[in-house]
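A short write-up of the structure that comes next.
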2 protein chains.
Amino acid sequence: MDPIRFDTQPADYRHWKLNVEGNVARLAMDIPEDGGMVPGYVLKLNSYDLGVDIELADAIQRLRFEHPEVRTLVVTSGKDRIFCSGANIYMLGSSSHAFKVNFCKFTNETRLYLEDLSENTGVRTIAALNGTCSGGGYELAMACEHIILQDDGNSAVSLPEVPLLGVLPGTGGLTRLVDKRKVRRDLADAFSTVAEGVRGKRAVQWGLVDQIAPKSKFSAAVDSAVEKLNADATERSGPGIKLDHLDPKRDGDTTTYRHVTLSVDTGKRVATLDVRAPTEPPPTSADELHQRGSDAWALRVWRELDHALLDLRFNHPTVGLIVIKSAGDASHVIASDNALSKLSDSDWLAKEVVLHMRRVLKRLDLSARTIFGVIEPGSCFAGSLYELIAAADRTFMLDAEDDGPQLQLSDLNFGRLEMSNGLTRLQTRFLANPEKVDELREVREPIDTEAALDHGLITFAPDDIDWDDEVRIAIEERAAFSPDALTGMEASLRFAGPETLETKIFARLSAWQNWIFQRPNAVGKTGALTTYGTPERPTFDYNRT
Amino acid sequence: MDPIRFDTQPADYRHWKLNVEGNVARLAMDIPEDGGMVPGYVLKLNSYDLGVDIELADAIQRLRFEHPEVRTLVVTSGKDRIFCSGANIYMLGSSSHAFKVNFCKFTNETRLYLEDLSENTGVRTIAALNGTCSGGGYELAMACEHIILQDDGNSAVSLPEVPLLGVLPGTGGLTRLVDKRKVRRDLADAFSTVAEGVRGKRAVQWGLVDQIAPKSKFSAAVDSAVEKLNADATERSGPGIKLDHLDPKRDGDTTTYRHVTLSVDTGKRVATLDVRAPTEPPPTSADELHQRGSDAWALRVWRELDHALLDLRFNHPTVGLIVIKSAGDASHVIASDNALSKLSDSDWLAKEVVLHMRRVLKRLDLSARTIFGVIEPGSCFAGSLYELIAAADRTFMLDAEDDGPQLQLSDLNFGRLEMSNGLTRLQTRFLANPEKVDELREVREPIDTEAALDHGLITFAPDDIDWDDEVRIAIEERAAFSPDALTGMEASLRFAGPETLETKIFARLSAWQNWIFQRPNAVGKTGALTTYGTPERPTFDYNRT
């Protein structure tokens with residue numbers, strides 16, 4: 001199979017129409033039936049596959065960077081009578097377990113990006129449901145701030161996964177229902193088992209939508225909601241910057257970006273991510289930052305990392321371990337962090353660059369791969385790049401006699417790059433002794449290996465004699481363990497501390513869905529997902545677990 | 001197979017020795033190799049099965065009620081050089097998926113009961129690790145407040161599940177490591193992949209144990225820790241009360257307790273739990289309560305409910321739906337609640353009775369079965385018994401012309417019976433409008449169907465004409481859905497709001513473990529759990545998910 005590509009742009013969209021008029025953007029889903037990413041299924045009734053979500057993620061990203069003038073985003077459908085019928089069942093039925101899980105994870109991330117757009121960028125979001133909205137369609141709607149449902153005696157919202165498919169509304173659905181929209185649990189229970197869903201006034205009464213409007217007044221109701229939300233949106237002064245294509249060079253198992261190199265060793269099931277510091281000083285004024293646009297190192301390097309992570313996730317499923325290394329002048333990284341930190345209170349682009357960093361780091365935290373940080377002489381794990389080390393499951397730093405590697409911290413290690421649990425990686429790391437974080441706040445000079453070990457910033461510090469063997473053996477051992485046990489272990493150890501909507505979605509809900517995606521009652525020969533759309537009815541093993 | 005029995009008493013223990021001297025209890029694990037609950041495996045090296053945990057749960061319960069004089073509990077081993085080697089692998093390997101999951105859930109509950117004993121009853125707990133302690137053994141140790149490890153060059157703590165078995169330390173292990181003991185995540189990662197574990201000073205440095213002591217001084221170290229903790233324990237004045245056997249009458253599919261009847265309809269996969277109010281006024285003084293002892297309705301009825309829930313969980317795995325009904329004089333229930341509420345600040349037994357209620361209700365919340373509450377004329381869902389309705393996934397209350405059913409609230413609905421998420425069921429129910437809870441606090445008179453619907457205390461209120469059909473159809477529909485999808489859905493909808501160590505264990509960790517327990521890499525022909533202890537090495541499908 002050809003590798004899945006994550007680069008796109010509005011002119012190439014097949015599934016969405018992005019239309020910006022003044023300070024309102026409309027994103028209309030209009031999926032061609034033959035628009036599936038791979039052959040074998042028909043995307044009827046605005047049902048989606050990964051290709052549809054890749055475009056949605058791109059559109060949200062471009063609104064942030066290319067259209068700062070937008071104050072409200074309306075997510076709607078380009079088809080009559082149907083908003084979206086959710087993930088395509090035949091696509092799910094014909095996909096491998098690993099693909100299903102990764103597809104859901106990407107969809108979850110994209111919906112959280114929509115919420116990040118409203119919560120942190122200040123673009124207000126409206127789901128304008130001009131037709132029936134079921135399953136993943138309603139999960140998408142719930143990721144918007146305000147839901148308007150057409151009241152035409154037919155259009156309903158529904159989560160038919162349990163009654164029809166024997167799986168969960170697992171891309172945020174159940175969690176958003178009771179935790180975001182705070183729908184009463186017994187009503188949520190009833191709603192999630194009624195295949196035909198709920199419409200009209202009851203949908204409002206139960207808290208499933210915020211507003212209904214008859215067909216004749218639907219468009220006016222949306223306009224008036226836009227007007228109202230627009231008033232509270234965050235002012236971002238244009239013009240935007242253009243996000244250019246990354247166009248990495250691929251050479252065998254090596255993908256070379258401008259600031260990142262991804263090398264995959266399929267035999268050893270290990271990938272190495274090499275990150276390079278900027279070679280020149282950062283932009284220090286908002287003007288300069290806007291001029292550099294998507295060439296600014298801090299934006300470019302994290303876009304490249306994001307791209308590499310998605311490439312690993314979807315195109316290299318057997319790689320179990322990511323080794324992260326870095327090279328370059330740490331002082332440039334610190335200078336870039338400082339400039340962004342200073343500018344991001346007043347300049348929207350600087351703020352967006354940091355928000356983007358945060359999302360990429362979250363994607364790394366959520367990678368179902370082991371992450372090892374390897375800190376060698378010449379590396380530049382400083383400030384924002386130290387977050388890669390803090391995100392690692394384990395780190396090795398060479399304890400050299402002379403010219404050993406150093407770490408360094410910046411303001412960005414103490415705020416703005418929070419994990420899904422709402423804490424910084426340092427706060428999570430030092431849950432047992434929070435005063436350690438305050439202590440480190442004062443340490444701004446470069447930190448050598450011994451001090452890094454003392455501070456608890458790294459895990460192991462082998463000397464020259466042990467280094468090669470210790471790192472090699474750790475990598476080999478890790479790559480030999482059960483990949484499933486590692487996934488479960490890493491997901492459990494990475495997110496100590498408070499839980500949020502986000503961690504609940506990825507931990508509780510996804511874990512249950514992954515379990516169900518393995519069960520014969522869903523994916524066996526007579527399972528509900530397998531028999532859906534055939535004349536067969538599913539047969540279940542009724543043992544409750 | 002004979003049904004699994006949950007009744008036991010110290011004289012019948014085969015696996016533990018409970019020894020109370022003064023205000024110190026010692027609970028020593030000493031498992032006979034031939035003590036397995038079913039044939040087919042040998043309980044070597046203090047490895048345990050469900051039978052061992054049933055005794056542990058009983059011992060903790062009896063310490064609460066029968067030994068109020070105990071201030072400190074020492075959990076240790078009766079064997080030399082070995083504390084506990086965890087759950088028996090051959091037992092796990094030969095068990096069904098459903099049994100594995102239910103076994104882990106019971107083990108988790110029992111460990112939380114140990115924590116409840118120290119946090120809420122005030123009995124201090126010490127794990128005295130007089131030998132090697134691995135897997136579930138270390139998970140048990142972590143459920144104690146203070147861990148002392150023998151420093152003899154050999155005794156280690158370890159979580160070898162990932163490297164040796166391809167599964168997780170899934171009975172609280174990973175969660176307690178980073179969330180309770182707040183072990184740094186990279187150290188936790190290293191620890192959880194080193195099969196031989198960590199011993200001596202490093203175990204203290206990493207935060208895995210609180211104290212080490214050489215063999216010659218081990219017993220003295222434990223004594224001195226006991227002395228220290230004893231000083232901070234809660235004073236509870238004796239004598240205790242004797243927990244008598246419940247001895248229900250079994251007649252075909254009906255089990256009749258004094259205040260509860262459990263009827264199982266295996267064909268329909270539905271069980272009915274009928275709960276009866278007390279027939280006489282409650283004890284109103286501490287003396288009276290102590291005199292009634294385990295005959296007090298409020299203790300007895302919840303012990304019976306607990307017993308019935310365990311019976312359903314283990315002995316009726318295909319029953320997917322529990323219908324909860326009640327009958328009797330609601331005013332007696334309210335009077336009992338009021339008396340307990342008043343007494344529990346000053347009397348340890350009243351407090352224990354309420355803590356016990358809370359644990360049983362939590363066990364109900366965690367039942368992987370649908371719960372429907374059915375409220376008919378003559379029912380007594382008042383106060384603490386209303387919690388059964390609040391715990392239900394959906395409730396039906398008859399809207400009768402005359403003499404319809406009523407609900408009523410007591411102080412216990414507003415505190416002391418919190419769910420695992422730390423909130424009351426009413427707080428969880430009304431997350432969207434917390435002021436509703438304050439409003440209800442003032443409503444103490446009986447609440448009829450219309451008012452109950454208005455207040456949001458019930459889900460549906462069919463009238464006489466619709467009642468039979470509506471309830472019957474809802475039950476039939478529910479019982480026909482995929483049991484796995486229902487389990488995942490219910491687990492997701494029941495626990496909105498904050499997460500705690502407890503919900504993290506049951507949601508995140510258990511869900512991952514359940515997923516792994518299905519995976520060929522663990523339980524397939526060449527999976528790690530299957531091949532453990534054989535000459536074969538496991539072979540893995542290395543796709544990461």
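Throughout, protein chains are lettered first and strands after them, A, B, ... in sequence-line order, and every chain is numbered starting at 1.
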Exercise for review: I would like to know whether A:Thr487 and B:Trp512 meet side chain to side chain contact (heavy atoms under 4.5 Å, CB included); could you show each step before the answer?
Suggested key: CA-CA 9 Å; A:Thr487 292; B:Trp512 280 115; 3.9 Å; yes
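- For the set B:Lys100, B:Glu477, B:Arg369, the count of heavy-atom pairs under 4.5 angstrom toward chain A peaks at B:Arg369.
- For B:Ala528, no part sits under 4.5 Å from any heavy atom of chain A, backbone or side chain.
- In this structure, CG in B:Asn521 is found 4.5 Å from CG in A:Asp484, a value given to the nearest 0.5 Å.
- Side-chain contact between B:Thr459 and A:Leu187 is present, with heavy atoms from C-beta onward closer than 4.5 Å.
- Comment: B:Arg544 engages A:Glu490 in a salt bridge, judged by a side-chain N to carboxylate O separation of less than 4.0 angstrom.
- Both the backbone and the side chain of A:Arg184 come within contact range of chain B, each with at least one heavy atom under 4.5 Å from a heavy atom of that chain.
- Between chain A and the residues B:Ser96, B:Ala368, B:Pro483, B:Ala511, the largest count of heavy-atom pairs under 4.5 Å involves B:Pro483.
- With a 4.5 Å cut-off on non-hydrogen atoms, B:Phe517 does not touch chain A at all.
- Looking only at distances, a side-chain donor or acceptor of A:Arg185 sits under 3.5 Å from a matching main-chain atom of B:Ala392.
- Most heavy-atom pairs under 4.5 Å with chain B, from the set A:Gly170, A:Gly456, A:Pro538, A:Ala474: that is A:Gly456.
- Partners of A:Ala271 according to the side-chain contact (heavy atoms from CB on, under 4.5 Å) rule, which considers only residues two or more places apart in sequence or in another chain, are A:Leu262, A:Val264, A:Leu312, A:Val319.
- Expressed to the nearest 0.5 Å, how far CZ of B:Phe481 lies from CZ of A:Phe540 amounts to 9.5 Å.
- Between chain B and the residues A:Leu168, A:Asp393, A:Val101, A:Thr318, the most heavy-atom pairs under 4.5 angstrom are made by A:Asp393.
- Taken from CZ in A:Arg508 to OG in B:Ser510, the straight-line distance is 10.5 Å, to the nearest 0.5 Å.
- Interatomic distance, CD of A:Gln518 versus CD of B:Gln518, reported as 6.5 Å (0.5 Å rounding).
- Judged by distance alone, with hydrogens and angles left aside, the side-chain atoms of A:Tyr542 form no donor-acceptor pair with the main-chain N or O of B:Ser482 at under 3.5 Å.
- Both the backbone and the side chain of B:Ser192 come within contact range of chain A, with heavy atoms under 4.5 Å apart.
- Looking at every heavy atom in both residues, A:Ser492 comes nearest to B:Val178 through O-CG2, 3.9 Å.
- For B:Leu501, no part lies near chain A; criterion is any non-hydrogen pair under 4.5 Å.
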Point to revise | Steps toward salt bridge (Lys or Arg N to Asp or Glu O under 4.0 Å) verdict (B:Asp186, A:Arg429) | key: CA-CA 8 Å; B:Asp186 55 338; A:Arg429 191 172 185 87; 2.9 Å; yes
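- Among A:Ala188, A:Ala190, A:Ala98, A:Ala522, the residue with the largest count of heavy-atom pairs under 4.5 Å with chain B is A:Ala190.
- Annotation: the span from B:His97 atom NE2 to A:Asp541 atom CG amounts to 10.5 Å, rounded to 0.5 Å.
- Heavy-atom pairs under 4.5 Å with chain A peak, among B:Thr370, B:Leu164, B:Leu165, at B:Thr370.
- With a 4.5 Å cut-off on non-hydrogen atoms, A:Ala479 touches chain B through its backbone but not through its side chain.
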Exercise for review: Determine, step by step, whether B:Arg478 and A:Asp189 satisfy the side chain to side chain contact (heavy atoms under 4.5 Å, CB included) criterion, reporting the C-alpha distance in whole Å, the side-chain angles of both residues, the deciding distance to 0.1 Å, and the verdict.
Suggested key: CA-CA 11 Å; B:Arg478 188 71 163 210; A:Asp189 180 277; 2.7 Å; yes
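- With a threshold of 4.5 angstrom between heavy atoms, B:Thr428 does not approach chain A through any atom at all.
- A donor-acceptor pair under 3.5 Å links the side-chain atoms of B:Lys504 to the main chain of A:Gly497, judged by distance alone.
- The contact between A:Ile516 and chain B is made entirely by side chain atoms (from C-beta outward), counting heavy-atom distances below 4.5 Å.
- Among the candidates B:Val167, B:Leu486, B:Thr500, the residue making the largest number of heavy-atom pairs closer than 4.5 Å to chain A is B:Leu486.
- Both the backbone and the side chain of A:Leu431 come within contact range of chain B, each with at least one heavy atom under 4.5 Å from a heavy atom of that chain.
- Of the atoms belonging to B:Asn433, not a single heavy atom falls under 4.5 Å from chain A.
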Point to revise | side-chain hydrogen bond (donor to acceptor under 3.5 Å, both in side chains) between A:Arg394 and B:Thr193, worked out | key: CA-CA 11 Å; A:Arg394 200 180 294 185; B:Thr193 54; 2.7 Å; yes
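- For the atom pair B:Leu493 CG and A:Leu174 CG, the distance stands at 5.0 Å (nearest 0.5 Å).
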